[in-house]
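Here the structure comes first, spelled out in structure tokens, and everything after it is commentary.
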Amino acid sequence: MIIKTDDYRIECIDPTRAVIIGSLRLPTPSAYEPHFKPIKEKIEKLRDPYTINITKVSFLNSSGITAFARLIFFAKEHNVPIIIEASETIPWQEKTITSLGKLWSKVSIQFS
Amino acid sequence: MQKALKYGLYNQETREKEDPELSFSFKLPLAIMNKWDRCGLTSNFLANYQSATFPQPEKTSSLLSTIINELIENAIKYSSSADKQITVIIKHFQNTIQIKTINFAEEETTQKLKTYILKLSENSHENLFLSQLEENSQREDNHSGIGLLTLINDHNLKLGIRIQKEDALYEIHVKAELETNDL
Ligand SMILES: Nc1ncnc2c1ncn2[C@@H]1O[C@H](COP(=O)(O)OP(=O)(O)OP(=O)(O)O)[C@@H](O)[C@H]1O
Ligand SMILES: [Mg+2]
């Protein structure tokens with residue numbers, strides 16, 4: 001499934017991996033729900049780790065960070081480890097993603 | 001006139017006396033900004049403009065846009081519908097960039113802001129960030145309460161909030177300052 005608007009796209013065709021690209025600044029956490037739902041549906045079916053690549057996400061606002069945290073809690077409920085591929089050169093990712101990693105011990109972050 | 005309630009930077013007003021090297025003020029009509037993607041557009045524009053002279057303009061612009069966007073989103077989200085516009089002010093002093101928003105809020109909204117300021121004053125910010133997210137995952141609340149925290153925690157900036165009653169509404173100033181040496 002590919003969700004695409006002018007500002008961003010979310011690709012999750014691969015059962016173990018999603019790629020998010022662009023600028024995500026939706027007005028509320030719940031506005032992210034329909035976009036993250038396909039990712040949740042993949043996680044639900046897994047035992048193995050699920051990878052989320054955000055190396056090309058230039059912006060994620062605080063509502064998006066909350067929605068992303070909910071995604072991590074969802075994975076925790078299903079005990080599916082999460083691997084986040086992030087970029088050190090994008091200011092919001094460097095610190096905030098590291099903080100999100102502290103939500104659950106089975107979140108690992110790979111910076112490139 | 002009632003005394004203003006102040007938090008953080010507003011308890012140390014020294015900076016205001018200095019002359020800024022660059023300063024601009026934007027009035028943004030709520031009628032336009034209610035089209036939500038204008039928040040991001042405006043933030044990107046202001047950030048690009050401001051970062052042109054820095055050694056790493058792209059990275060600086062990205063950081064500034066992140067900060068400006070959080071403040072503008074808040075100013076819009078928490079404005080009273082009786083208010084017609086918000087103000088965004090950016091000033092560049094010798095070693096500091098200051099970003100400020102002004103909006104008018106209802107009594108009830110202002111009360112929430114006061115409660116939030118109390119939380120900020122009484123808790124470690126990192127613990128607060130994680131506990132807000134934990135709390136938020138339990139309920140489908142649309143006020144996640146981590147926007148300002150991410151700015152303070154992750155982007156190393158100083159925050160100030162000033163609340164002043166103006167007739168039936170409250171005038172809210174939110175100010176963020178970051179050192180240009182960090183850019
Ligand atoms: N400009 C403002 N005017 C009035 N109240 C504000 C303003 N900015 C922030 N607040 C209050 O402070 C609280 C914290 O703001 P913050 O941006 O951290 O979180 P949020 O907007 O609730 O959620 P999010 O994490 O999605 O940004 C808000 O819930 C709101 O009550
Ligand atoms: Mg906010």
Side-chain angles (χ1 to χ4, degrees), chain A residues 5-8 22-37 40 54-78 82 86-105 107 109 111, chain B residues 33-44 47 51 56 58-74 76-77 125-157 178 182-183:
Chain A
T5 75
D6 285 351
D7 293 329
Y8 55 90
S23 168
L24 286 85
R25 285 170 159 169
L26 303 178
T28 59
S30 45
Y32 284 88
E33 281 300 313
H35 303 296
F36 286 175
K37 195 162 167 263
K40 286 187 175 172
I54 56 163
T55 49
K56 296 216 169 73
V57 176
S58 50
F59 297 110
L60 185 70
N61 65 0
S62 49
S63 296
I65 292 165
T66 298
F68 204 86
R70 286 181 186 165
L71 207 56
I72 292 175
F73 286 119
F74 183 85
K76 186 179 175 184
E77 271 168 39
H78 292 80
I82 293 288
S87 163
E88 238 164 15
T89 57
I90 300 177
W92 78 264
Q93 294 196 13
E94 197 189 340
K95 298 279 175 49
T96 309
I97 286 299
T98 309
S99 304
L100 282 181
K102 293 178 187 154
L103 289 175
W104 184 32
S105 56
V107 176
I109 301 159
F111 277 110
Chain B
M33 296 306 284
N34 277 344
K35 197 168 174 316
W36 190 253
D37 58 3
R38 303 266 171 154
C39 292
L41 280 176
T42 309
S43 307
N44 289 347
S51 58
Q56 295 176 280
E58 268 178 40
K59 201 169 178 184
T60 300
S61 173
S62 172
L63 174 62
L64 288 178
S65 180
T66 299
I67 298 165
I68 297 169
N69 190 62
E70 287 304 326
L71 298 189
I72 293 185
E73 283 193 2
N74 279 349
I76 289 169
K77 265 199 293 188
H125 294 159
E126 193 186 341
N127 290 343
L128 196 55
F129 176 80
L130 294 174
S131 65
Q132 293 276 110
L133 286 177
E134 298 250 6
E135 241 177 70
N136 268 313
S137 68
Q138 311 302 327
R139 53 193 167 89
E140 291 298 298
D141 195 332
N142 268 328
H143 297 290
S144 32
I146 57 145
L148 296 177
L149 273 172
T150 355
L151 298 187
I152 310 175
N153 261 344
D154 298 347
H155 302 301
N156 201 20
L157 53 74
L178 67 165
D182 298 341
L183 299 172

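Note on naming: letters A, B, ... go to the chains in the order of the sequence lines (proteins, then strands), and numbering restarts at 1 for each one.
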So, the part of L26(A) with a heavy atom under 4.5 Å from chain B: the answer is backbone

Turns out that what part of S23(A) lies under 4.5 Å from chain B's heavy atoms comes down to neither

So what's closer than 4.5 Å to chain A heavy atoms on S62(B): side chain, backbone, both or neither?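 When you check distances to chain A, atoms from both the backbone and side chain of S62(B) fall under 4.5 Å.
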
Cut-off 4.5 Å, heavy atoms of chain A, and the answer for S65(B) is both

Side-chain H-bond candidate by donor/acceptor type, [X] with [Y], under 3.5 Å:
X       : Y       : answer
R70(A)  : S144(B) : no
N136(B) : T66(A)  : no
E70(B)  : N61(A)  : no

Residue E33(A) excluded, over 12 heavy atoms near CD under 6.0 Å: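 Yes, the 6.0 Å shell around CD holds more than 12 heavy atoms from other groups.
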
Over all atoms of both residues, closest heavy-atom pair of [X] and [Y]:
X       : Y       : value
H155(B) : T96(A)  : NE2-OG1, 4.3 Å
R25(A)  : N44(B)  : NH1-OD1, 3.2 Å
F73(A)  : L133(B) : CE1-O, 3.6 Å

Separation between [atom1] of [X] and [atom2] of [Y], rounded to the nearest 0.5 Å:
X      : Y       : atom1 : atom2 : result
T28(A) : E73(B)  : OG1   : CD    : 10.0 Å
S63(A) : I146(B) : OG    : CD1   : 8.0 Å
S62(A) : L148(B) : OG    : CG    : 8.0 Å

Candidate pair N153(B) and S99(A), rule side-chain contact (heavy atoms from CB on, under 4.5 Å), full reasoning: CA-CA 9 Å; N153(B) 261 344; S99(A) 304; 5.8 Å; no

Where do L63(B) and W92(A) land on the side-chain contact (heavy atoms from CB on, under 4.5 Å) test, with the steps shown first? CA-CA 7 Å; L63(B) 174 62; W92(A) 78 264; over 6 Å; no

Sidechain N-carboxylate O distance under 4.0 Å for K102(A), E126(B):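 Yes, K102(A) and E126(B) are salt-bridged.
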
